[in-house]
Colleague: 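Can you read through this structure? Questions will come right after.
By convention in this document, chain letters (A, B, ...) are assigned in the order of the sequence lines, proteins followed by strands, and residues within each chain are numbered from 1.
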Amino acid sequence: MSVVVRMAPSPTGFPHIGLVHTALFNWLFARHEGGEFRLRIENTDTSREVEEATQQIQDSLSWLGLDWDGDVTFQLDRMERCKEEAHRLLEEGKAYEDEGAIRVRMPDEGVTVWDDLIRGRIEYPNEKLEDLVLVRGDGRPTYNFASPIEDWLDGITHVLRGEDHISNTPKQIRILEALGAPLPAYGHVANILGADGKKLSKRHGATSVEEFRAQGYIPEALVNFLALLGWSYDDKTTVMSRDELVERFTLERVGASPAVFDFAKLEWLNGVHLRALPPDEYADRLVAYLREQGYEWDEELIRRAAPLVQEKIATLGEFPQFAGFLFARPAQAEPVDMPEVAEALEPVEPFTSERIEAALRGFAEQHGLKPREAFQPIRLAVTGSKISPGLFESLELLGKEETLARVGRGSGRGGASGSSAR
RNA sequence: GCCCCCAUCGACUAGCGGCCCAGGUCGCCACCCUUUCAAGGUGGUAGCGCGGGUUCGAAUCCCGCUGGGGGCACCA
């Protein structure tokens with residue numbers, strides 16, 4: 001039997017990172033097994049529905065590269081079928097009416113047991129199972145009725161979901177049994193926690209894919225990082241591509257304990273994946289990111305600056321802070337005047353990093369200054385910061401005219417070669 | 001309150017009875033490299049929650065405790 005899994009979010013906004021985490025496990029499992037990964041929107045509760053959410057969910061998955069099979073389906077579309085099934089249960093005496101609603105009869109002795117894909121055997125006492133409502137008084141099916149029915153209709157073979165669903169599983173198993181439907185295998189993935197051990201939420205920082213994207217994280221890193229939360233390949237492998245993850249992912253190696261989301265490690269991993277990109281690809285990503293964020297800086301200059309920052313920044317979001325001086329003259333607290341530096345740079349022709357370096361090293365030597373002592377003031381004057389990309393390369397990109405202007409010669413004219421930010 | 005789940009360095013984890021006086025990665029610290037910052041290199045810091053068993057032998061199996069998480073709707 002081939003594997004069919006699904007992600008079944010309710011459309012209430014941008015998907016939370018926890019949801020994306022279980023979606024990733026479902027996707028990796030499906031792709032590893034050569035099965036199908038479906039996307040179903042559980043919109044039974046129309047009152048909570050957010051109109052853009054369905055699109056936002058798809059955008060987040062697409063950006064991460066988690067492609068789904070077939071069309072997106074909606075729970076609401078199966079309302080009628082659910083009602084029919086409920087009435088069938090009514091006729092068979094497996095359900096009964098209660099103030100306009102339809103409830104199933106749950107056993108009240110014994111236990112409901114399943115062999116959880118990642119936790120092993122789980123037992124749930126039947127006396128804790130209520131005769132839950134299948135169809136509300138207004139005719140709408142409830143989640144715990146519609147969801148298993150859809151799993152059945154869609155031929156879902158493995159239900160991999162968050163651990164907060166553990167207590168729903170025995171209910172759904174009983175419902176499926178009453179329906180005479182086959183049971184899928186169930187597996188419950190642990191939650192993702194914040195640094196304080198509480199379920200990851202807004203106050204811990206970014207919680208949606210969109211936010212990470214806006215901060216300059218790339219999908220390769222996020223996917224790699226999320227995969228390592230509750231899963232491992234072996235005792236020494238950390239950095240993996242999407243293809244490697246697909247090839248190596250197995251449910252047997254998924255852990256049952258919750259994991260704390262470590263933003264520092266994500267940032268490191270993002271730097272690793274960013275540095276691993278071919279230069280052209282890196283430049284493409286940088287340009288696309290800056291455009292998305294609303295920067296209208298000159299594309300050619302961004303591309304030329306890309307190699308200067310690739311080794312130095314861990315997220316694309318650091319670029320404006322780190323290399324913004326190339327696009328707009330930095331504000332200086334004190335007016336800059338370095339005539340001797342200007343004098344050393346003036347004759348450099350062509351104005352390339354090699355020649356600039358030679359000139360500035362000569363300048364340092366001439367004044368008996370250590371490289372650091374000589375270069376740091378220049379860096380500050382030109383970039384407005386004590387931290388910057390390589391000085392000589394930066395000056396080359398800036399051009400002689402602008403460089404001289406920034407060290408005090410011929411100042412007062414316009415901005416840098418690019419247009420201003422934002 | 002009741003039910004369920006979980007428990008190895010600060011964090012992610014390897015470990016599925018002897019290979020472990022516990023390995024890798026992030027972080028942190030030190031040093032090297034160095035025009036700043038990074039990157040890179042080297043070294044270091046730090047952990048099996050507690051108590052009982054089982055066994056020749058337990059991080060690994062069992063029980064209890066403690067701690068943490070989740071769930072108990074005509075929400076999903």
Side-chain angles (χ1 to χ4, degrees), chain A residues 8-12 41-45 47-49 75 98-103 116 118-120 122-125 127-130 132-147 161-171 188 190-193 195-199 225 227-239 252-253 255-269 271-272 274-275 308-314 318 322 357 360-361 364 369-380 383 385-394:
Chain A
S10 49
T12 53
I41 305 295
E42 305 213 317
N43 57 347
T44 310
D45 183 12
S47 65
R48 291 204 315 174
E49 184 161 355
Q75 196 162 68
D98 176 29
E99 297 194 39
I102 300 175
R103 290 181 183 271
D116 197 274
I118 75 185
R119 281 155 210 266
I122 294 180
E123 286 189 18
Y124 198 89
E127 57 183 321
K128 296 296 165 189
L129 260 27
E130 299 293 310
L132 47 94
V133 171
L134 303 181
V135 178
R136 299 179 177 86
D138 64 6
R140 288 155 51 230
T142 60
Y143 163 77
N144 271 316
F145 186 47
S147 188
R161 60 201 345 184
E163 65 176 329
D164 42 330
H165 283 287
I166 290 180
S167 56
N168 285 328
T169 297
K171 300 172 188 171
H188 295 86
N191 282 147
I192 293 179
L193 278 23
D196 56 1
K198 305 289 183 192
K199 199 170 174 180
F225 177 76
L228 258 17
L229 249 33
W231 174 83
S232 65
Y233 174 56
D234 59 16
D235 61 337
K236 56 195 59 175
T237 310
T238 302
V239 180
E252 292 70 53
R253 294 194 63 84
S257 52
V260 172
F261 194 101
D262 184 354
F263 290 88
K265 187 163 184 174
L266 203 217
E267 187 169 319
W268 166 78
L269 204 46
V272 170
L274 234 25
R275 273 175 252 124
L308 271 57
V309 304
Q310 187 167 10
E311 286 280 313
K312 295 173 181 288
I313 60 178
E318 292 169 55
F322 194 66
E357 175 166 9
L360 290 181
R361 286 198 188 278
L369 295 170
K370 291 176 184 168
R372 180 192 180 114
E373 295 169 330
F375 303 155
Q376 202 60 347
I378 302 174
R379 184 190 312 283
L380 192 56
T383 72
S385 169
K386 284 186 268 189
I387 300 169
S388 81
L391 183 59
F392 318 124
E393 292 81 1
S394 295

Colleague: Who are the side chain to side chain donor-acceptor pair (under 3.5 Å) partners of A:Asn191, not counting sequence neighbours?
Modeller: none
Colleague: If you look at every strand shown and take non-hydrogen atoms under 4.0 Å, does A:Asn144 touch a base, only sugar-phosphate, or nothing?
Modeller: base
Colleague: I'd like a list of close polar pairs between nucleotides 34-37 of chain B and the protein, N/O only, cut-off under 3.5 Å.
Modeller:
{"from": "B:U35", "atom 1": "OP1", "to": "A:Arg361", "atom 2": "NH2", "distance (Å)": "2.9"}
{"from": "B:U35", "atom 1": "O2'", "to": "A:Arg379", "atom 2": "NH2", "distance (Å)": "3.2"}
{"from": "B:U35", "atom 1": "O2", "to": "A:Arg379", "atom 2": "NH2", "distance (Å)": "2.5"}
{"from": "B:U36", "atom 1": "O4'", "to": "A:Gln376", "atom 2": "OE1", "distance (Å)": "3.3"}
{"from": "B:U36", "atom 1": "O2'", "to": "A:Lys386", "atom 2": "O", "distance (Å)": "2.7"}
{"from": "B:U36", "atom 1": "N1", "to": "A:Arg379", "atom 2": "NH2", "distance (Å)": "3.3"}
{"from": "B:U36", "atom 1": "O2", "to": "A:Ser388", "atom 2": "N", "distance (Å)": "2.7"}
{"from": "B:U36", "atom 1": "O2", "to": "A:Ser388", "atom 2": "O", "distance (Å)": "3.0"}
{"from": "B:U36", "atom 1": "N3", "to": "A:Arg379", "atom 2": "NH1", "distance (Å)": "3.4"}
{"from": "B:U36", "atom 1": "N3", "to": "A:Ser388", "atom 2": "O", "distance (Å)": "2.7"}
{"from": "B:U36", "atom 1": "O4", "to": "A:Lys312", "atom 2": "NZ", "distance (Å)": "3.2"}
{"from": "B:C37", "atom 1": "O2", "to": "A:Lys312", "atom 2": "NZ", "distance (Å)": "3.3"}
{"from": "B:C37", "atom 1": "N3", "to": "A:Lys312", "atom 2": "NZ", "distance (Å)": "2.3"}
{"from": "B:C37", "atom 1": "N4", "to": "A:Lys312", "atom 2": "NZ", "distance (Å)": "3.2"}

Colleague: My understanding is that only residues two or more places apart in sequence, or in another chain, count here; which of them pass ring-ring contact (aromatic ring centres under 6.0 Å, His included) with A:Phe392?
Modeller: A:Phe375
Colleague: With sugar-phosphate meaning primed atoms plus P, OP1 and OP2, does A:Gly137 contact a base, only sugar-phosphate, or nothing at under 4.0 Å between heavy atoms?
Modeller: base
Colleague: Across the strands shown, which category fits A:Arg253 at heavy-atom distances under 4.0 angstrom: base, sugar-phosphate, nothing?
Modeller: sugar-phosphate
Colleague: Got a sec, which residues hit side chain to side chain contact (heavy atoms under 4.5 Å, CB included) with A:Val260, two or more places apart in sequence or on another chain?
Modeller: A:Leu193
Colleague: Polar pairs (N or O, both sides) under 3.5 Å between protein and nucleotides 1-5 of chain B?
Modeller:
{"from": "B:C2", "atom 1": "O2'", "to": "A:Lys128", "atom 2": "NZ", "distance (Å)": "2.5"}
{"from": "B:C5", "atom 1": "O2'", "to": "A:Arg119", "atom 2": "NH1", "distance (Å)": "2.1"}

Colleague: Got a sec, which residues hit ring-ring contact (aromatic ring centres under 6.0 Å, His included) with A:Tyr143, two or more places apart in sequence or on another chain?
Modeller: A:His165
Colleague: Pick out the pairs of N or O atoms, protein on one side and nucleotides 23-27 of chain B on the other, that lie under 3.5 Å.
Modeller:
{"from": "B:G23", "atom 1": "N2", "to": "A:Asp235", "atom 2": "O", "distance (Å)": "3.2"}
{"from": "B:U25", "atom 1": "O2", "to": "A:Lys265", "atom 2": "NZ", "distance (Å)": "3.0"}
{"from": "B:C26", "atom 1": "O2'", "to": "A:Lys265", "atom 2": "N", "distance (Å)": "3.4"}

Colleague: Mind checking side chain to side chain contact (heavy atoms under 4.5 Å, CB included) for A:Ser257 and listing every partner two or more places apart, or none if nothing turns up?
Modeller: none
Colleague: For A:Glu127, give me all partners under side chain to side chain contact (heavy atoms under 4.5 Å, CB included), at least two apart in sequence or on another chain.
Modeller: A:Pro125
Colleague: Between B:C26 and B:A46, how far apart are the two C1' atoms, rounded to whole Å?
Modeller: 13 Å
Colleague: Using a 4.0 Å heavy-atom cut-off, does A:Asn168 contact any base of the nucleic acid, only the sugar-phosphate backbone, or nothing at all?
Modeller: base
Colleague: Find which nucleotide of RNA chain B each of A:Arg275 and A:Val133 is nearest to by heavy atoms, and output the residue with the more 5' nucleotide.
Modeller: A:Arg275
Colleague: With sugar-phosphate meaning primed atoms plus P, OP1 and OP2, does A:Asn43 contact a base, only sugar-phosphate, or nothing at under 4.0 Å between heavy atoms?
Modeller: nothing
Colleague: Take nucleotides 58-66 of chain B nucleotide by nucleotide from the 5' end and write B, S or -, depending on whether a protein heavy atom sits under 4.0 Å from the base, only from the sugar-phosphate, or from neither.
Modeller: ---------
Colleague: List in chain and number order the residues that pass ring-ring contact (aromatic ring centres under 6.0 Å, His included) with A:Phe145, two or more places apart in sequence or in another chain; answer none if no residue qualifies.
Modeller: none
Colleague: List in chain and number order the residues that pass ring-ring contact (aromatic ring centres under 6.0 Å, His included) with A:Phe322, two or more places apart in sequence or in another chain; answer none if no residue qualifies.
Modeller: none
